Amino acid sequence: MTQPQAVPDIAALKAVEERLRWLSAWTIHHANHVRDHADGLKVGGHQASCASMTAIMAALYFHALGPNDRVAVKPHAGPVLHAIHYLLGIQSREALENFRGLGGAQSYPSRTKDRIPVDFSTGSVGLGVAITAFASLVQDWLSAKGMMAEEERGRFVALVGDAELDEGNIYEALIEGAKHDVRNLWWIVDYNRQSLDATSADRMFERFDEIFRACGWRVVELRYGKRLSTALDAHPAVREWLEALPNAEHSALTYQGGGAWRSRMVADLGASAEPFLADRDDAQLAALMADLGGHCMETLTQAFDECSADDVPTMFIAWTVKGFGLPFAGHKDNHAGLMNPTQLAAFAEQMGVAPGTEWEPLGPLGGNARAGVEALLAAARIAREKRPRSFGRLTVPPIPAPSGEEQSTQAAFGRILLDLAKSGHPLADRILTTSPDVTVSTNLGAFVNQRGLFRRQDLADAFAQAKIPSAQKWGMMPSGQHVELGIAENNLFLMLAAAGLAGDLFSERLVPIGTLYDPFIARGLDALNYACYQDARFLLVATPSGITLGPEGGAHQSINPPLIALGQPGLRHYEPAFADELALFIGEAFRLIDLPEGESTYLRLSTRNLRQPQRSDELWKGDALAGGYWLREPAAGAEAAIVAMGAVMPEALAAHEELSADLPGLGLLNITSPDLLHRGWSASQAARWHGRNEPSHAERLLAWLPAHAGLVTMCDAAPASLSWLGGVRGQRVAPLGVDRFGQTGSLADLYANYRLDGTAITEAIAGLLLAEAKG
Ligand SMILES: Cc1ncc(C[n+]2csc(CCOP(=O)(O)OP(=O)(O)O)c2C)c(N)n1
Ligand SMILES: [Mg+2]
């Protein structure tokens, strides 16, 4: 896997760095100052954040990276990534001219929206860093099973902002990675000591290395470039002074330039500064003081070469200047700073770019310099073309519903996975299960007993060896399929994101299944959104859910996840009431994982045992997959219907039976996915504007009832999950659901308390009919 490194052509790499610095700054400038934007909205971009990284990225992409290596680029250095691909001939001038415009290069690198190969989308800081650890773990999982050849393995690199290091999810991933002995990771910190608002706090300064070392990482600090390092070696007093300088002052002096450095050194060091300052004019002094490790090509290439031979996870702390070489270098307000046209013109002149040649990839380079750069571009080993996505590899076996008169969806889930594990079907070998310390309590245990826990080296189950009876086999092995995580839900979603991108990253589609308690989805919400944004494909099983958890605890009762799912693109919510529905949805979720136009699935399950329905046909299935079906069909002209979802179905059925005596023809609509119904409803309205007039599934279902009919919607979740159904045909709604924080209690007590019982349904229907009579 490790690549023999060519001797770096430092001059050519420096020339590439200058091209990247120019092109990234120009792309942003063009979007803000040259292109028309009639709406007057700020376009923005981060010239300073880019300039801080151009040397690091030149050294990486044109020297250190191998063809299998994958990189998560700090979001605000996106223009540098585009500039790299522009030099390589993969990015078009048109896309750069349209930077941050519709269809143009995206503000932040996007796997799905950019035309260049983006290994990991970034944007929400911290997540791009952490996902590399999980991608590396997935690589180990695949190769331990012979699904990946040794020579296909790569390294996972994250380019990290120093303020990004404040994101807690990085440390959750660091800890999880250490437990799994994760390797082949490079996290390269652009240590410019500036954040968005200001300069970074000094107190954490030089502490990060200790944290990483404690987790088994190698830390390589690239503090000074060769020239500055040599100069400081000769002047230890200056070195000592410089190293005691607070971040804010260092940045301010960098911004002020050589004259300020000089007077400050004289003021602080007196005569001992003189030998250091002699023979250097202000411009030379400023350049010397900015010769930090992250800008020195010799330092960078040497450090990368030295760490290329092994797979030890490595943190590089590359000291840099934010806005290196730009007029606002070091200024604390430079994060979103843009050069004005005059400054840009001066910068262009300094970079040798003649007016009218701004988009020339190699610009002013001539003669030997051009030849050297062309040779570098030709030799760049990182994959250059966007890889095709890998779909259509899985055959989904039939998923039979577990038998049993009374079942909970959670228990049925465990049995379905167990049956799959035992079936020997090839799909089962591609299932990667994962859970943040709730494997047993979410019923994944039986699958894990069959298929084992993943670990690169065997680790026997000490309890089993000692013959202590236990329902759980906890043996770990390379062939194990379950990745047990610590209790950090962010990590669960990052793991699902990485495994859900296995088809794209490693050309091996996996079936990732993650379980957690429904309320804790909120804990990892940004990471879940991040996974969906990248179009990672997985199955998320959330259980237990709602107040139906009963005595097990108010704090664990989830209320709003169906609403979260309703607003989350790329994630389909199904909430089955019965085991056969669940089996249907699991099969569908597997198909969706492997379809180009598919998506991920979220199943909201319950621990409540429900009497299973007797089915006389399979007609319900199509409707259930589309979001809902009539469990009890209404009679023509029925005045009302109960519209219920999930675990509260027994109350709905009982109320239906009781009320039918007085209200013959009362319907009971079983909602299996408010998410799909809503999507279909709004999509069909949009389609009408394009001349297509197809009623949505929600419209078709509700068209069984007259427009004046009333709906009692009920779910063990926020009532708004279903109450919107009244808007579909203008039918009146009495919404039942949970709109207060829950508490412990027996189901009967809780349902009565939260108005999810038969009495509440009867009252709600009476209210609707009364209102209709009055109206
Ligand atoms: C989760 C999240 N919070 C806030 C932001 C807004 N933001 C973008 S960059 C940034 C500061 C980054 O500083 P640093 O990581 O040091 O990067 P630099 O630009 O200095 O290289 C912030 C707060 C974000 N993108 N993501
Ligand atoms: Mg910074």
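Worth knowing before you read on, the calculation uses all heavy atoms, side chains too, and leaves out hydrogens, waters and symmetry mates. Every value quoted in this text rests on a predicted model; they were computed, and no experiment measured them. Numbering of ligands and ligand atoms starts at 1, following listing order.
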Short N or O distance, [X] and ligand 1, threshold 3.5 Å exclusive:
| X | answer |
| --- | --- |
| Lys74 | yes |
| Ser124 | no |
| Asn192 | yes |
| Ser52 | no |

With ring centroids as reference points, do [X] and [Y] lie under 6.0 angstrom apart?
| X | Y | answer |
| --- | --- | --- |
| Trp359 | His30 | yes |
| Phe347 | Trp26 | no |
| Phe493 | Phe538 | no |

**Item:** Cation-pi, Tyr108 ring and Arg100 (6.0 angstrom, 45 degrees)
**Value:** yes
**Item:** Residue portion contacting ligand 1 (non-hydrogen atoms closer than 4.0 Å) for Asp190
**Value:** side chain
**Request:** Classify the contact between His335 and ligand 1 as side chain, backbone, both or neither, using a heavy-atom distance cut-off of under 4.0 Å.
**Result:** side chain
**Complete:** Between Asp162 atom OD1 and Gln194 atom O, the angle centred on the Mg ion (ligand 2) rounds (to 10°) to 110°
**Request:** Output yes when a side-chain donor or acceptor of Arg193 lies under 3.5 Å from a complementary backbone atom of Tyr191, and no otherwise.
**Result:** yes
**Prompt:** With a cut-off of 4.0 Å, which atoms of ligand 1 are near a heavy atom of Ser49?
**Reply:** 18 (P), 19 (O)
**Request:** Answer yes or no for atom 4 (C) of ligand 1: protein heavy atom present at a distance under 4.0 Å?
**Result:** no
